[in-house]
Amino acid sequence: MTFKHNFKKVLSATAFAAALVVAPAANVSAATNDASSTQQSATATSQDQQASQDQAASQSSAANQSSSTSTSSATSTSTVKKTTKKAKKTTKKIKKKTSKKKAVKKVAKKTTKKKATKKAKKTSKKSTKKTTKAATAAVTASAGQSQATDQQDDAAKKAAEAAAKKAAATKKAAAKKKAAAKKKAAAKKRAAAKKKAAKKSAEKAAKYWIAMRESGGYYTARNGSCYGRYQLLISYLGGDLSKKNQERTADRYVYGRYGSWVNAKRFWLAHNWY
């Protein structure tokens with residue numbers, strides 16, 4: 001019974017080791033399944049061998065066979081350990097490779113994100129710069145327009161001031177001219193009045209001078225057919241010998257014949273009568 005049990009264990013271990021060697025390191029579970037299948041096949045084979053073996057085998061052969069079985073079992077265990085170690089190493093390499101791939105992907109993702117952020121910042125900066133430039137241009141244009149408007153306002157203001165100044169100057173000149181004309185007219189009027197007064201005075205003086213030469217200044221003086229202060233013909237007086245009529249008739253006579261008492265005086269001086 002012990003022999004059978006050991007033989008089964010040896011066959012199972014051998015099949016499991018063979019499966020680990022043949023199968024890939026990453027598929028250890030598949031190798032284990034193959035070993036289990038092989039174990040079942042070995043068990044069936046062992047049962048067939050048990051039926052054909054002779055129960056009369058000697059104890060020495062059994063001992064040798066048991067020793068051989070132990071050696072095979074030790075060899076199989078060592079092979080299993082090596083295969084397990086190799087599988088672990090392969091698994092570690094695969095994990096390391098996977099971890100490295102993940103790290104590469106992470107770095108690539110980080111780099112892409114960094115590039116995208118940098119690009120976004122660059123775009124934002126460019127957009128901000130463009131907006132700032134547009135705003136500056138708008139402010140400059142607005143300032144230029146405001147300056148142009150101010151200049152136009154200043155020009156309009158200066159033009160209005162110039163027009164007002166010119167109007168004031170024209171008004172002042174007109175007022176001055178009017179004042180000068182008025183002054184001139186007044187002077188002319190004064191001169192005319194003065195001349196008239198002088199003429200009147202000369203006329204009065206010439207009239208007095210003739211009266212004194214003709215009658216000594218008496219309104220009742222008589223010389224033949226002449227009568228009064230100015231020695232007019234009595235017929236000129238029309239029967240009215242009053243002072244007022246003598247003055248009026250004398251003026252009418254002199255102005256009608258000589259134009260003025262001054263001219264009558266001048267005639268009297270030339271002819272001793274008038």
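Hydrophobic clustering of Ile, Leu, Val, Met, Phe, Trp and Tyr side chains at less than 4.5 Å, counting indirect connections, keeps V262 apart from Y230. Note: the hydrophobic cluster containing Y258 does not contain Y208 (ILVMFWY, side chain heavy atoms under 4.5 Å, direct or indirect links).
Here the side chains of Q246 and L232 are not in contact, with every heavy-atom distance at 4.5 Å or above. Between T220 and Y227, the closest side-chain pair of non-hydrogen atoms falls below 4.5 Å. C226 is not listed as a side-chain neighbour of I234, based on a closest heavy-atom distance of 4.5 Å or more. The shortest distance between side-chain heavy atoms of Y236 and R252 does not fall below 4.5 Å. Residues K176 and K172 fail the side-chain proximity criterion, which asks for heavy atoms closer than 4.5 Å.
How far CD1 of I210 is from CZ of F267: 10.5 Å, rounded to the nearest 0.5 Å. K158 contributes atom NZ, which lies 12.5 Å from atom NZ of K165 (distance to the nearest 0.5 angstrom). Between T170 atom OG1 and K177 atom NZ the span is 11.5 Å, to the nearest 0.5 Å. Between the OG atom of S225 and the CZ atom of R222 there is a distance of 8.5 Å, given to the nearest 0.5 Å. Note: E214 CD to N223 CG = 9.0 Å, rounded to the nearest 0.5 Å. Annotation: the span from R257 atom CZ to N263 atom CG amounts to 12.5 Å, rounded to 0.5 Å.
A donor-acceptor contact shorter than 3.5 Å links the side chain of R229 to the backbone of G217. Counting only distance, with no hydrogens or angles, the side chain of S201 and the backbone of A197 share no donor-acceptor pair below 3.5 Å. Remark: side-chain polar atoms of N245 are paired, donor with acceptor, to backbone N or O of L237 under 3.5 angstrom.
Ring geometry, W261 versus Y274: the interplanar angle falls from 30° to 60°, so the pair is classed tilted. Ring planes of W209 and W268: perpendicular class, angle over 60° (limits at 30 and 60°).
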- Item | Check against side chain to side chain contact (heavy atoms under 4.5 Å, CB included), S260 and V254 | CA-CA 6 Å; S260 67; V254 168; 5.9 Å; no

- Derivation and outcome, side chain to side chain contact (heavy atoms under 4.5 Å, CB included), residues Y255 and E203: CA-CA 11 Å; Y255 285 115; E203 287 289 298; 2.8 Å; yes

- Could you please spell out the steps behind the side chain to side chain contact (heavy atoms under 4.5 Å, CB included) verdict for E161 and K157? CA-CA 6 Å; E161 287 177 356; K157 191 176 180 181; 3.7 Å; yes

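The heavy-atom pair separating Q231 from A221 by the smallest distance is NE2-O, 3.2 Å.
Remark: the Y219 side chain and the E247 side chain contain an N/O donor-acceptor pair separated by less than 3.5 Å.
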